[in-house]
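Chain naming here is simple, since letters A, B, ... match the order of the sequence lines and numbering starts at 1 in each.
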Protein chains: 2
Amino acid sequence: MAALTLATWNINSVRLRIDQVARFADMAKPDVICLQEIKCMEDQFPAKAFKDMGYPYFHVTGQKGMHGVATVSRSPIDVLEDCSVCPKGEARHHVVRIEGVEFQNYYIPAGGDEPDVEINPRFAHKLDFLDRFGAYLEKRGKAGGDVVLVGDLNIAPREHDVWSHKQLLKVISHTPVETEGLELARTRAGYLDVARELIAEPEKIYTWWSYRNRDWRKSNRGRRLDHIWVSPSLQAAATTHGREGFTIWDEARDWEKPSDHVPVTLKLG
Amino acid sequence: MAALTLATWNINSVRLRIDQVARFADMAKPDVICLQEIKCMEDQFPAKAFKDMGYPYFHVTGQKGMHGVATVSRSPIDVLEDCSVCPKGEARHHVVRIEGVEFQNYYIPAGGDEPDVEINPRFAHKLDFLDRFGAYLEKRGKAGGDVVLVGDLNIAPREHDVWSHKQLLKVISHTPVETEGLELARTRAGYLDVARELIAEPEKIYTWWSYRNRDWRKSNRGRRLDHIWVSPSLQAAATTHGREGFTIWDEARDWEKPSDHVPVTLKLG
DNA sequence: GTAATAGGTG
DNA sequence: CACCTATTAC
């Protein structure tokens, strides 16, 4: 496997923030960028801008106005699957192969406000997605091969992945049914949570800060919603640079009109 | 009458373009600025920004989301009338006194697309407004005194106030019923059209270029929709600096996210 | 083309 | 708080 740097970023409209993607690419120089919430159709994707910044290859799974994921790359992309996990024709997932590595790019449903499936169908949909996701990972895990799974999984699984474990236990993204469901899905495939392989608890890790906190850095009410997982075959490649190889670009949260998520990168091999 | 510089500008949202107003004020240093299409309520008017740029006095006649006029000044303002010409409670007009001079600030209805009162109620509304406007001016003209009337009158009255007289004769803003109605209203009060006092035809004068022309300067399909009129008592004061005292700031049309109208200034006295 | 509104989503 | 979609208006 060739060495490469990969990035994942919930961009919250790729058309609106294409200049921020270019700025980030110039700094981090990733070989592969996985984006979520691109909020556009395939034909609206700013392909030329990506080509100009050195990413002539891309695969886009989009829908009108909401959700959508895209993977862009310096080297050619083979498409393996599109939305196999998504019900209702939503554009939340695809699987591609780049340089012999399988990349799974996800945008898991946010789940609404009320953590009760009886009264909140969005939460029910999230848990349903999580079940399908786990089943898909188990199947995929058995197939073996080098796999990188990234995306906005909309769940902060561990106690120190949120600013207050206690206050968020009943807040969607950190309820036990979600955090346990996510960990179960991951372990069913045997994948490794790279951030926590490199940065043990109780150190806090966040990748998202709500737009609703006006001074995000001061209040620092973050959550780790964006993840990079790897198959066991990539354990050495993913950790060989230690925590220096894993970067959360929180400076991007201070840019003009930022996304509420920041990019995360990993040097592989 | 103290010497002063006055400005008129259809700003197309004063909240969105308050920084452009500051930039303009810094260049042109007007003592009085009359704005149209402020598109906000009185309580949303960026009063502090105007105070910071040296205009602690202002009078705002606003409504939610559309229309609205504001007059800001370095010296105190007496309010004489609000919307006396406007039917249907629209915020399109006010009259104030500053330094002994009466300022009338108007935003005349655009009138829609089809120049036929039978099928286009907006055009009927515009012509109705024009009638009321003429009657009001005649009354006001008889009262005498120093009067400055400014605003986006949404009519280009003369042949050389549009890029093509022939092609615009059936386009609202330059139809004969409008151009004749506007000239009649003006002459009923005996007011002078300052631009044409200083710059005779056939020289073209434009203050507005549609957003729909992508290269506005190259295609130059402009219209003179923004006007400065004065009472006969101010004829000498309005023309004493010659055409150097009258400026159309067309450079503002090239600023980032510009208004489709540019500011116009006059040195008075 | 540009900006306002309102309603839906995160 | 900020994005999308419509709609209306100029």
Seminar exercise, completed: A:Asn120 atom CG is separated from C:dT9 atom P, nearest whole Å, by 12 Å
Exercise. Would you say A:Lys257 reaches D:dC1's phosphate, i.e. side-chain N/O to OP1/OP2 under 4.0 Å?
Worked result: no
Seminar exercise, completed: Atom NE2 of B:His67 and atom P of D:dT8 are separated, to the nearest Å, by 15 Å
Problem set entry | 5'-most by nearest nucleotide on DNA chain D - A:Ser13 or A:Tyr211 | A:Tyr211
For this session: Starting at atom CE of A:Met41, determine the distance to atom P of D:dT5, rounded to an integer number of angstrom.
Result: 10 Å
For this session: Answer yes if the ring centres of A:Tyr106 and A:His94 are under 6.0 angstrom apart, and no otherwise.
Result: no
Exercise. Roughly, in whole Å, what's the span from CG in A:Asn10 to C1' in D:dC3?
Worked result: 11 Å
For this session: Calculate the interatomic distance between B:Trp208 atom CH2 and C:dG1 atom P; express it in whole Å.
Result: 14 Å
Problem set entry | Minimum-distance nucleotide to A:Lys39 side chain [options: C:dG10, D:dC3, C:dG1] | D:dC3
Seminar exercise, completed: The answer to which of A:Leu16 and B:Asn154 contacts DNA chain D further toward the 5' end, by nearest nucleotide, is A:Leu16
For this session: Return the value, rounded to whole Å, for the distance between atom CD of A:Gln20 and atom P of D:dA2.
Result: 12 Å
For this session: Using a heavy-atom cut-off of under 4.0 Å over every strand shown, decide if A:Arg214 touches base, sugar-phosphate, or nothing.
Result: nothing
For this session: Please figure out whether B:Arg17 or B:Lys64 has its closest DNA chain C nucleotide nearer the 5' end.
Result: B:Arg17
Exercise. To the nearest angstrom, how far is A:Met66 atom CE from D:dT5 atom P?
Worked result: 10 Å
Exercise. Any donor-acceptor pair under 3.5 Å linking the side chain of A:Thr179 with the backbone of A:Pro176?
Worked result: yes
Exercise. Taking CD from B:Gln36 and C1' from C:dA3, how many angstroms apart are they, rounded to a whole number?
Worked result: 17 Å
For this session: Go through the side-chain N and O atoms of A:Trp209 and A:Asn220 and say whether any donor and acceptor fall under 3.5 Å apart.
Result: yes
For this session: Could you tell me how the ring of A:Phe24 sits relative to the ring of A:Trp9: parallel (under 30°), tilted (30 to 60°) or perpendicular (over 60°)?
Result: perpendicular
For this session: Assign the ring pair B:His174 / B:His165 to parallel, tilted or perpendicular, where the plane angle (0 to 90°) is split at 30° and 60°.
Result: perpendicular
For this session: Would you please confirm or rule out a distance under 4.0 Å between OP1 or OP2 of C:dG10 and any side-chain N or O of A:Arg122?
Result: yes
